[in-house]
Amino acid sequence: VQLQASGGGLVQAGGSLRLSCAASGRTFSSYAMGWFRQPPGKEREFVSAITWSGRITGYADSVKGRFTISRDNAKNTVDLQMHSLKPDDTALYYCATYNSGDYNLGPPTYWGQGTLVTVSS
């Protein structure tokens, strides 16, 4: 399984970015997908996840109302639209996939290489 994240960059506080993750190596539409991030000097943390169908999504409290996760099973991609970015959102963002269609059933099993998001104040 390969996950290729893109879309990171430098943005001013209050701005927006859209991250995208392209998946290959197995049947994309069967598995839940997620986004995680690792701020500088901190542990990796959950950001958002989406079930195989896209009908159910979850968000960390810190990003609720500002970030939106979506997936396109025809294109094997999962996106993270980020609005109202804050300096605290600065992190290396990783996409991940689970071994189930429901992200609540266990931790991710495959990880992408990460894309860096830097939010300046």
Side-chain angles (χ1 to χ4, degrees):
V1 177
Q2 293 188 332
L3 302 172
Q4 183 71 41
S6 61
L10 174 64
V11 64
Q12 287 189 332
S16 300
L17 276 178
R18 187 177 185 90
L19 306 183
S20 186
C21 176
S24 61
R26 64 177 185 178
T27 305
F28 177 80
S29 59
S30 296
Y31 301 97
M33 298 292 297
W35 285 96
F36 291 73
R37 68 186 182 187
Q38 186 167 16
K42 297 184 180 179
E43 299 288 318
R44 187 159 56 187
E45 62 187 22
F46 169 79
V47 175
S48 182
I50 188 167
T51 57
W52 68 274
S53 65
R55 291 189 188 128
I56 299 173
T57 58
Y59 297 92
D61 287 345
S62 59
V63 307
K64 275 181 185 174
R66 300 188 297 123
F67 291 10
T68 303
I69 191 171
S70 61
R71 66 188 295 159
D72 186 333
N73 285 345
K75 296 181 179 178
N76 290 1
T77 58
V78 59
D79 290 353
L80 186 70
Q81 179 67 56
M82 306 184 293
H83 294 299
S84 303
L85 283 161
K86 307 173 182 179
D88 284 349
D89 294 318
T90 294
L92 192 58
Y93 283 71
Y94 297 89
C95 67
T97 184
Y98 296 76
N99 262 356
S100 167
D102 183 349
Y103 54 84
N104 289 304
L105 297 182
T109 48
Y110 298 98
W111 297 85
Q113 85 291 357
T115 185
L116 182 62
V117 173
T118 304
V119 185
S120 63
S121 57

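In this text the structure is predicted, and so the values were computed from the model without any measurement. Because only heavy atoms are used, hydrogens play no part in the values below, and waters and symmetry mates are left out as well, while side chains stay in.
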Let me check something: do [X] and [Y] share a hydrophobic cluster, defined by ILVMFWY side-chain heavy atoms less than 4.5 Å apart, either directly or through other members?
| X | Y | result |
| --- | --- | --- |
| Y103 | V63 | no |
| L17 | V119 | yes |
| Y94 | V117 | no |
| V11 | L19 | yes |
| Y98 | W35 | no |

**OP:** Not counting sequence neighbours, list each pair that qualifies as a side chain to side chain donor-acceptor pair (under 3.5 Å) and has a residue in residues 110-121.
**Re:**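 Residue pairs with at least one partner in residues 110-121: there are none.
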
**OP:** Using modelled atom types only, decide if a donor and an acceptor are shared between the side chain of R26 and the backbone of V1 within a distance under 3.5 Å.
**Re:** no

Original post:
Looking only at atom types and distance, does a side-chain atom of T51 sit under 3.5 Å from a main-chain N or O of D102, one as donor and one as acceptor?
Top reply: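 Here the side-chain-to-backbone pair does not exist.
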
For residues 52-60, which side-chain N or O atoms pair as donor and acceptor with protein atoms under 3.5 Å away, sequence neighbours left out?
from, atom 1, to, atom 2, distance (Å)
S53, OG, R55, N, 3.2
Y59, OH, I69, N, 2.9

Subject >> Over 12 foreign heavy atoms within 6.0 Å of CD, Q2 >> reply: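 Not buried by this count: 12 neighbours or fewer within 6.0 Å.
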
In Å, rounded to the nearest 0.5 Å, how long is the span from [atom1] of [X] to [atom2] of [Y]?
| X | Y | atom1 | atom2 | answer |
| --- | --- | --- | --- | --- |
| Q12 | L85 | CD | CG | 11.5 Å |
| H83 | R18 | NE2 | CZ | 8.0 Å |
| S30 | N99 | OG | CG | 11.0 Å |
| L80 | F67 | CG | CZ | 6.0 Å |
| R71 | T77 | CZ | OG1 | 9.0 Å |
| S6 | Y93 | OG | OH | 15.0 Å |

Original post:
Are K86 and D89 ion-paired here, with the side-chain N under 4.0 Å from a carboxylate O?
Top reply: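 No, this pair does not count.
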
Smallest separation among heavy atoms of [X] and [Y], with atom names:
| X | Y | value |
| --- | --- | --- |
| S100 | L105 | OG-CD1, 3.3 Å |
| A32 | G101 | CB-O, 3.5 Å |
| L3 | A23 | CD2-CB, 3.5 Å |

**OP:** Begin from the C-alpha positions of E45 and R37 and carry the test side-chain contact (heavy atoms from CB on, under 4.5 Å) through to its verdict.
**Re:** CA-CA 5 Å; E45 62 187 22; R37 68 186 182 187; 2.6 Å; yes

Subject >> Pair D79-S20, side chain to side chain donor-acceptor pair (under 3.5 Å): steps then yes or no >> reply: CA-CA 4 Å; D79 290 353; S20 186; 2.8 Å; yes

